[in-house]
Amino acid sequence: MSFLKIDKLTKKIGNTEVLKGIDIELEKGGFLVLVGPSGCGKSTLLNTIAGLLPITSGDVIIDNQVVNDLHPSKRDIAMVFQSYALYPNMTVEENIAFALEMRGVSKEERKTAVAQVAKTLQIDHLLDRRPSQLSGGQRQRVAMGRALVRQPRVFLFDEPLSNLDAKLRVEVRAEIKALHQNTGATIVYVTHDQIEAMTLATKIVVLKAGTVQQVGTPSEIYNRPANLFVADFMGSPAMNMLEGKVVGGSENPHIALFNDSVQVALPEAASLAEGKTVLVGLRPEAVTDASLIDPHAGKVAEVKAKITMVEPTGSDTFVAADLAGQAFTGRVRAELPVRVGEEFAFNLNLDKAVVFDPETTQRIG
Amino acid sequence: MSFLKIDKLTKKIGNTEVLKGIDIELEKGGFLVLVGPSGCGKSTLLNTIAGLLPITSGDVIIDNQVVNDLHPSKRDIAMVFQSYALYPNMTVEENIAFALEMRGVSKEERKTAVAQVAKTLQIDHLLDRRPSQLSGGQRQRVAMGRALVRQPRVFLFDEPLSNLDAKLRVEVRAEIKALHQNTGATIVYVTHDQIEAMTLATKIVVLKAGTVQQVGTPSEIYNRPANLFVADFMGSPAMNMLEGKVVGGSENPHIALFNDSVQVALPEAASLAEGKTVLVGLRPEAVTDASLIDPHAGKVAEVKAKITMVEPTGSDTFVAADLAGQAFTGRVRAELPVRVGEEFAFNLNLDKAVVFDPETTQRIG
Amino acid sequence: MSTASDTVSAGQAKGARYVIYGALIVLALIYLLPLYVMLTTSLKSLGEIRGGDMLALPTAPSIDAWAKAWGTACIGVTCEGIKGYFWNSIKMVVPAVLISTVLGALNGYILTKWRFPGHKLIFGMMLFACFIPFQAVLIPMARMLGIMGIANTTTGLVFVHVCYGLGFTTLFFRNYYEAFPDELIKAAMMDGAGFFRIFWRILLPTSGPIIVVTVIYQFTNIWNDFLFGVSFSSGEASPMTVALNNLVSSSTGVKEYNVDMAAAVFAALPTLFVYVVAGRYFVRGLMAGAVKG
Amino acid sequence: EEQVEVLHWWTSGGEAAALNVLKDNLKKEGVDWKDMPVAGGSGVQAMTALRARVTSGDPPTAVQMLGYDIKDWAEMGVVGNLDDVAKEGNWDKVIPAALQEFSKYDGHWIAAPVNVHSTNWLWINKAALDKAGMEPPKSMDELFTMLDKFKEQGITPLAHGGQPWEDTTLWEAVVLSEGGMDFYKKAIIDLDTDALSGDTMRKVFDDMTKLRGYFDDNFSGRDWNLASAMVIEGKAGAQEMGDWAKGEFLRADKVPGKDFVCIRFPGTQGSVLFNSDQFVMFDVGDDQHDAQMKMAKAVEDPGFQVAFNTVKGSVPARTDVSDEKFDDCGKKGMKDLAEAAESGKLAGSLAHGHAQPSSVKEAIFDVVTQHLNGQLTTDEALKRLPEAVAAAQ
Amino acid sequence: MTNIEPAPLVEPERPGPAFADRVRTLLPKMVLAPSFAITLIFVYGFILWTVYLSFTTSRILPVYKWGGFDAYFRLWSQPNWYVAMENLAIFGILYIGFCIAIGLFLAILMDQRIRAEGVLRPIFLYPMALSFVVTGTAWKWFLNPGLGLENTVHHWGFTNFKFDWLVNPDMAIYTVVIAGVWQASGFVMAMFLAGLRGIDGEIIKAAQIDGATTVATYRRIIIPLLRPVFLSAFIVLAHMAIKSYDLVIALTGGGPGNATELPSTFMYSYTFTRSQMAVGSASAVMMLMGITAIIVPYLYSELREKR
Ligand SMILES: Nc1ncnc2c1ncn2[C@@H]1O[C@H](COP(=O)(O)OP(=O)(O)OP(=O)(O)O)[C@@H](O)[C@H]1O
Ligand SMILES: Nc1ncnc2c1ncn2[C@@H]1O[C@H](COP(=O)(O)OP(=O)(O)OP(=O)(O)O)[C@@H](O)[C@H]1O
Ligand SMILES: [Mg+2]
Ligand SMILES: [Mg+2]
């Protein structure tokens, strides 16, 4: 049974509907990641869960209790803000202890609780400093400590890593993951970083303009995006979208790519009219060289295409190519000597192909 | 012959030496990327090249002309700032035309020039807006337009993409790359994003605390980092550093990893004392599963290790493991069913191993 | 399930808001009292003023006092009201505010964007000038004005106000420009703009809020100044405040309170106007840096 | 085009009207009048403005001034010389010696006196007096009796404006009443320490305390003309004030002897404390000298003297002016002045700067005012008075 | 990519800074110079001049005859000076205290998303716009027992009501405080309002989630965050308190007696009406020293912290 339930939630700010009927459920101990482009309403949703913004209609239910009218402080929720929102006038210790103090916890108990949390987060040597004397990563940990010390029912994180540099981000991400695994906390987490979403979540919700696009596990979202928006939004470089046509009549119905030089099977349980144009999605890592193609892949096609751009990242090389008027990007082994203008034989892992209806933008099958 | 030459450049701000004798050369049409941790002096170096900061000693030479004392506007250099530094009170068109106006270019000519640049950058429909009405990516393009319109001898970019979100970053990166390829411009570019550095540069300079750590092509920097700092700094997740020992006497001198269960060849032209401890660097993508190992690799070792953490990113899965007290991270195929606690057989591509002396931190051989 | 006491009930929130509005309205009325007294008194007849309740509304409001204050009240041997002095003040305030604002803006610009060793000391010294009691500089200032040949002229008054307004205007602009990104200056420099062009084309157009604060501050201070006005001007060239003083504190004769009050309201009109119209920008401008003051 | 610039604080309607006579007279002679009024606090602001003008090297042509201020300014060497005009107009003869004391410096005429005020007057509401069934009081005791009777009538017995100079105007009248002219001279002109702290002075301060009991509660800071208005309207019984108060009564269409009574302050008949407004001529350039002389001459013109002083309530500065245009109080004033000058019972008023330089004057103001306001006890005041005077010298 | 080319035969040319460039570097200083010169002469020159004057025997006009410390001895033997200083202490503390308290209170109320903010703001601000030459008379009436508040309340029927501070030597200084607070508290409100608007909204949200009540949020988080505004307000008010002159003159003229004398009125009267210019200058020097003691540490810390 779900621990956090958001039921037909709508939120108007002024005259614009920022959230348009959101339905989400999260089991106890789950890690829900909200992703979506800037301005889609992620922070607004988090704020309504926390009670910082009143909701227009619908319900927020925590542990079977409708909390719509409950004051934020009474919801037993902790929140970590993008800017960390540390109290600049207090030391780290006071920052962490503040919530306990407001709840009337005695001084000694506070001290013990803070000490324990600080130890977990390895910030015990910083307790006397003020936020301004901390580095970005340290601030982030203090903000987390402030949430942790309360042992709340639900944690909310609003893009906690976006202010950190790449190296630190990897570290802190691992810390958050460990926190979740060790404490079994229920977490709602906002980010627009795909890697963060994929590595942390047990469940991902993709939002766009105040509506839910897809709810699913990271692998569902990544491998079976519900629509073109989700497909395009998750993954960098983005999923290739190849135009195909349904051909083959009733004997051999399939999707023809690149003038039928590649044949993709029709999705199961889908009946598509002959001649219909569809979009076939293939991630760059499914468009690769012979040595990297999944040996267990059921259906692999080889196409030769002219390379238009090469982007070596060190660990891999992204290769953009053009075939039959369609541009796509593949990911090939970094060691391969690829050059712009050459022909290259791409191996396509067609097992991974997903098919979309360009009219409805929905996935087919 | 070098087009831009920085010769024994030092720069003191107050009493601290921010740049400590920088020597860099860049040929005409080259794309130099400066990387380094925050505060290492990247922006300072860029500013001295632009003439925005006076230099303490040394020379900046552009096209055989010492420009040390030349006013910024006379150096024929354009700069794109991290914050874009668009003039908030001017429209996009005025922003782009400003430099031309200052140079006394007539109104019609300005209009033509701006129109052309705007078209290239696909911002022609935005010309009447003010910067505050633009999205991040659009601002970035305007900033670039402002630099482009002048057709300067050298472009300087100071972390131009760091304010953009992941999706947009990929796009604009490609645009900058195209700009470089199409115009043959000479570019100096600051970033702390590894991917950006790797994909854009013809030459990378790694800075640390005002000194140059390594100068080289992207692949040199990535594959043959000059020292531990460079090795650790470039690449995410970072290069694994495995502790090894020089063993085998004079008959079979090699480096023993994981209690000699893996043997790494001594670097050429290096004579190492028997028993010396060294660090063997292996990038995560060289620590992988059997299906992904480079079939052309000369020397591959297999080790079994217990998985301590799994991070699926969708396109790959990073697996942290522990063997003989040494932690390392491998990158395996996303489809593989790996679980924390299990044993996994990692394939190590030892061709890719680089060896460092832990005392000097320099690469050996 | 939630208990009633746990919720922020709509009723409670509303109650709190009533209290807030109530407190604000009561305070606003208190703050308005002096203005109210001035206005109502100016509309009353002398008899009503002497006999009655200060706070009562006028029984038969009349604007005779206003007409008299503006056009026919005697100040010294001339009986032409305060209208001439009103323009005197305008003639003094406008240039003084303009010059001190422009200089302050330039100083702030230099002290933040063209720093040189010792800029802090110079700024500190200019700032300290804000705190000097004006009575202490009257005599030497008179001498200097005499030497410069602008004693007893509007030019002289403008000069004096510029001198002692510089500290404040510099402070306001410095704090504002402090937060202005250096990159913009650098970008403009690379684009080939010089010192003045950067100021004129880049900084000034974005200085709206702080210009408002500075102009309001300077305008009120200069308009309301009495000490410099009475010392460095004379007769029919006097600013409004001096004329008002001559009207209000004349030593003998029946005190025409309604005329005095009407004149006082006239004297207050421009500053009131400025505050009411630009009040919103005032807070915004303060936010933009002047608060650090 | 000749022009005089005149700094003065006669800004109220009546005074300005009187000055207009002078302005018009000068106009006839082809001299323009540039007005520089600075109202307030009996010339405090005006003196500040004057300092600024003089230091800037651009003094006004003529400045309204009182008593010792004239000497102080003369000492600075910034005033002009009127000897020629004075000789022509025979000023040495027609202007009383007591005034010449201030109009001349180092034997040269520097100022043209406009008027002579005397300060030891008491103004009584006739109706209240009649109701009390009394003759005007002749001594302090009678004064207190009268005030007691007023109190019974339910009016404010003594109207008073609580500004330092008003307090001291009252105080100096009491000094003169209690000690006579000799004591006044000893204490206030010679600043004799014994006189300033002796028994007579104690009596003076006791009287002040007593008088204060007859004020209403709101006297503090009140302008003198508002106090006069109280007497005029019958809200108060009497007021001690200089002869300029008469102007207020006249302007309210009150008739001397019928609606109000003017007497010398009880116990001071025969003595006169005077002050005199004078136009001090400053050392201006030669190009303005001629206009300046014309103005000096115009000030001493008998016609102007009558016109001005009948309005102002004071008496002419020249002794050779007929009193026929003056009312009863004016006539009495002129007579008293002449007598006092004769008998040597004419002395400068302290409160109006004709007895001491402003530093001493203000020092005495401090003590008198603080005592009247209850900040000092009589004992303290007696101790403080000589100290303050000494410190100010 | 590197083409192999012969090394350049000519040394790169090294132009010295051109004349135009030198002008360019000097230009900012040249523009600042007039302002700085004005400050030097008309502020610091005059301060020195005042200091010098305090060591002379000047009375009605400046004279340059050396008088030693005589003026200072006279100054410190004036009971008035002590009254002035005591009054400044009372006035200063109450004025600053109440202005800040009321200003902050108003700002907090105004910050509760008040609908009528646009109407209320100028009401609280307008007193700052009016000179006491203008409002002095109204205030004098208002506080005068015979005409003002007391009288009005009597009219309402409460004949026992007494409010005679203006004419009561012990209380008069407090009326000066009232009028002063009325004038300046709106300005302080604007400063605090600006400060409040500048606080990061997320911090307040964080406090709410941490369970802080509205009162606790203000007491523990917001008000401590306004510390710089407090400091600015203090400095602005302190200098206004020290400079206050119009206020006293318009309201009480320093009376009753000398009960509301302040150093500024003291200085003015000794310099201009009592013809003791040296003593007046000495008091000005003392005032300047007082101001220096407050301002210089502030300036020092302000300018050192920031770059
Ligand atoms: N106070 C407000 N008034 C009006 N519109 C608002 C307000 N707050 C938010 N919005 C609008 O609501 C929408 C959702 O905003 P929200 O902050 O939730 O976006 P977000 O998904 O968190 O974006 P980001 O990734 O940039 O943080 C935006 O379009 C925004 O413009
Ligand atoms: N005006 C200054 N005064 C003193 N130190 C300065 C100044 N400007 C820069 N520094 C110091 O110089 C060093 C280099 O700064 P710089 O801005 O060049 O770093 P960076 O490499 O660009 O860092 P980032 O990646 O954060 O932009 C830093 O340690 C910084 O503290
Ligand atoms: Mg957000
Ligand atoms: Mg930088």
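Just so it is clear, the model here is predicted, and its values are computed rather than measured. In what follows, chains carry the letters A, B, and so on, assigned in the order in which the sequence lines appear, proteins first and then strands, with residues in each chain numbered from 1.
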Practice prompt. Name the member of E:T213, E:I204, E:I209 that forms the most heavy-atom pairs with chain A at distances under 4.5 Å.
Written response: E:I209
Worksheet item: Which heavy atom of A:L86 sits nearest a heavy atom of E:I203, and at what distance?
Response: O-CD1, 3.3 Å
Worksheet item: What residue, out of A:P88, A:G51, A:A50, has the most heavy-atom pairs lying under 4.5 Å from chain E?
Response: A:P88
Practice prompt. Flag the one option from A:L156, A:L100, A:N89, A:N47 with the top tally of heavy-atom pairs under 4.5 Å to chain E.
Written response: A:N89
Worksheet item: Are more than 12 heavy atoms from other residues, nucleotides or ligands located less than 6.0 Å from atom OH of E:Y174?
Response: no
Discussion item. Using a 6.0 Å cut-off, check whether atom CZ of E:F91 has over 12 heavy atoms from anything other than its own residue.
Written reply: yes
Worksheet item: Can we say A:E93 and A:R110 salt-bridge, meaning some charged N sits less than 4.0 Å from an Asp/Glu carboxylate O?
Response: no
Worksheet item: Between A:R150 and E:D210, is there a salt bridge with N-O shorter than 4.0 Å?
Response: yes
Worksheet item: With only heavy atoms counted, which part of A:E94 is less than 4.5 Å from chain E, the side chain, the backbone, both or neither?
Response: neither
Response to the item:
Applying a strict 4.5 Å limit to non-hydrogen atoms, the region of A:D76 in contact with chain E is neither
